[in-house]
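The structure appears right after this line, and notes come after that.
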Amino acid sequence: MKKLFYLFLFFTSGIICQAQTVNVISVNADKPGSSIQPTMWGIFFEDINFAADGGIYAEMVKNRSFEFYKPMMGWKILKPDTTTGVLIINRGETNPANPRFARITVAPGEASFGLSNGGFRGMGIKKGMTYHFSVLVRQLEGSTLKIRIELVNPKGEVIGTTNLNPEAKEWKKYAVSFMATAAEPKAILNLWFEGNGSFDIDMISLFPDDTWKNRPGGLRSDLVQLLADLKPGFLRFPGGCIVEGRDLENRYQWKKTIGNIQDRHLIVNRWNTEFAHRLTPDYFQSFGMGFFEYFQLAEDIGAEPLPVLNCGMACQFNTAEVVPMDQLDPYIQDALDLIEFANGSIDSKWGKIRAGMGHPAPFNMKFIGIGNEQWGSQYIERYKVFVKTIKEKYPDIRIVTGTGPSPSGKDFDYASKELKKLNAQIVDEHYYANPDWFLQNATRYDNYERNSFKIFAGEYAAQSKFTCSPDNQNNWKCALSEAAFMTGLERNADIVNMCSYAPLFAHVDAWQWTPDLIWFDNLKSFGTTNYYVQKLFSNNKGTEVLSIFMENKPLTGQNGMYASAAFDKNSNEIILKLINSTEKTQTTKVVIESTKKLGPIGKIFVLKNEDLSKVNSLEQPKLISPSEDEFAVKGKTLSQLLEPYSFSVLRIKVMK
Ligand code: AHR
């Protein structure tokens, strides 16, 4: 076939014209290659940037049980000039998971006194929405205190109110619901204590009614919906460096994140003061979003759960503590128990706990990650013990391991070499780099060893400035370069089995790390340009790789274009992904080599913007989002103009 020819375009107004190169691209649809795993495109969830507390976990009260380092952080005393007061009591000896509560006293004859909570940078309140307030209360002898509950806007105007008359002399949960009369993105919750006497209060909570699947105490539905719309193949949780902790004391311990909410042991969020340029001292992990909720979320959105556990090493960018080898057992036991928690029968110890939380059926967990961004011989040494023990008991569980924070260099090479020798199953690689790196690395896996481990591209995001810069933008240049890179991941789906952008979420007023896939405030949320790239890939995954060539070579940057192709045996469609990374329109003629007839009309989704610096925002959430159209297929060919700086997905029906 002639590979290049020229198309002459005639303009009515003038003589000739312009000669344009036609890029002739061929797709071999008769010979589907390797399978694309259902897990190919997934989600990386980490509680960074207020992703969990203050984010997807819909609790609106910050520091609801007074367990932050400063017990009154997030709270203000209203009318402090009265003799009444609040006393923080610590019963740590008898209740180590939830040691503190507040004792409120109002003296006879005194005006009411109160506490207010500012939420997570305010509380997002919707007009006409029902809000559910709850609190644990214990009245002391002779006390008749009542609570007046108010939501107020920043001007102090009441936009929702109700009353609670708790009478119990022993700890009891009281709940009351009320409706908001106005919308407000930065509301405050006031609790006025009226009457006289003393009572103890704890676990002060406020949730909107419209949580995901209307689960009481559940998740923010708009944020879960954005995840569900990705149709993710897996959900990796709970991180990220949060797994490691800044030190081992503050590592993520899943057993402390399940069961009754008030028994989950709050710890500091390791991202709170990580970056001097984005200090967030009020960032803690209440674990209202704990391991049970992660498994449930994965199930809800049809994703395979991929929990990642601490391997006996704290973050190597921080304390780099390691647990001695002879004290590794509890860490390994955590992994074994987690598998039982997820998959065990309801007669097993941990399966019973899962059932008690409302999920008797197993979660059918197939993967487990051991360690996050660890490097060096200490990691390999610990990883080996984990693998041996897990495989002895659960030979079918697939173990994910890591190569550290960088996709190249001494530590990466060492880990890759060792993991190869150890027959590792799935190896996690992370890439935070500039957009050029992503373009250049569209070929990264073309020559990777085929007879070794599978790749989990577990964290990647193009950085418009540099990694950890607070000025990084989720701009179109970054997203387009990621799309180009992802064609390389898809072309190599025989070894690349799982991929996820990172990080996932960021609160516009409380983030530590940028760029991020989804941004939100207390009421609204939006997918970035990068989100729509992920969504197009994931929603148009296909089941088998097809080869796609220009001049007998994979399209990996020739004329600034990148491409991958797949066949979807479920819908009987050929799916093409074509990227034009240049400022010029590219004329393409795609020839489908197929013995079968093709449908005459195809579907095309295009993401584009001529300005690479453009971003989506709360104000313009869909500035760069896919448009949908149709195109004609003439026999086995289709002619397509790829617009400047565009990513197009084409779907073509194969007739039976
Ligand atoms: O995604 C943010 C952080 O980047 C992750 O916690 C860590 O794994 C990586 O260094």
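We count ligands from 1, going down the list as the structure has it; atoms in each ligand are counted the same way. Nothing here was measured: the structure is a model prediction, and the numbers come from that model. Numbering starts at 1 and runs along the sequence shown.
- Between Phe341 and Trp254, the two ring planes are tilted [angle within 30° to 60°].
- Residue-to-ligand polar distances keep Trp271 apart from ligand 1: every N/O pair is separated by 3.5 Å or more.
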Margin query: Show, in sequence, the C-alpha distance, side-chain angles and deciding distance for Ser377 and Tyr414, and conclude whether the side-chain contact (heavy atoms from CB on, under 4.5 Å) test is met.
Written below: CA-CA 9 Å; Ser377 58; Tyr414 167 78; 3.4 Å; yes
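- Between Gln512, Glu459, Arg270, Glu274, it is Glu459 that holds the heavy atom closest to atom 7 (C) of ligand 1.
- Ligand 1 lies nowhere less than 4.0 angstrom from a heavy atom belonging to Phe317.
- The closest approach between a heavy atom of Pro503 and any atom of ligand 1 is below 4.0 Å.
- Among all protein heavy atoms, the one lying closest to atom 6 (O) of ligand 1 is Glu46 OE1, 2.5 Å.
- Contact atoms of ligand 1 toward Gly240: 5 (C), 6 (O), 8 (O) (distance under 4.0 Å to a heavy atom of the residue).
- Residue Asn372 touches ligand 1 through its side chain alone, judged by heavy-atom distances below 4.0 Å.
- Counting only distance, with no hydrogens or angles, the side chain of Thr487 and the backbone of Ala484 share a donor-acceptor pair below 3.5 Å.
- We find the NZ-CG distance between Lys186 and Asp521 to be 7.5 Å, quoted to the nearest 0.5 Å.
- Annotation for ligand 1: atoms under 4.0 Å from non-hydrogen atoms of Glu373 are 7 (C), 8 (O), 9 (C), 10 (O).
- Across every non-hydrogen atom of Glu490 and Val545, the tightest pair is O-CG2, 3.4 Å.
- Taking the six-membered ring where the residue is Trp, Phe520 and His507 present perpendicular rings, their angle passing 60° and hence far from 30°.
- Scanning the protein heavy atoms around atom 1 (O) of ligand 1, the nearest turns out to be Tyr432 OH, 2.7 Å.
- Between Tyr460 and His430, the distance from one ring center to the other does not fall under 6.0 angstrom.
- Considering backbone and side-chain atoms alike, His430 places every N or O at 3.5 Å or more from each N or O of ligand 1.
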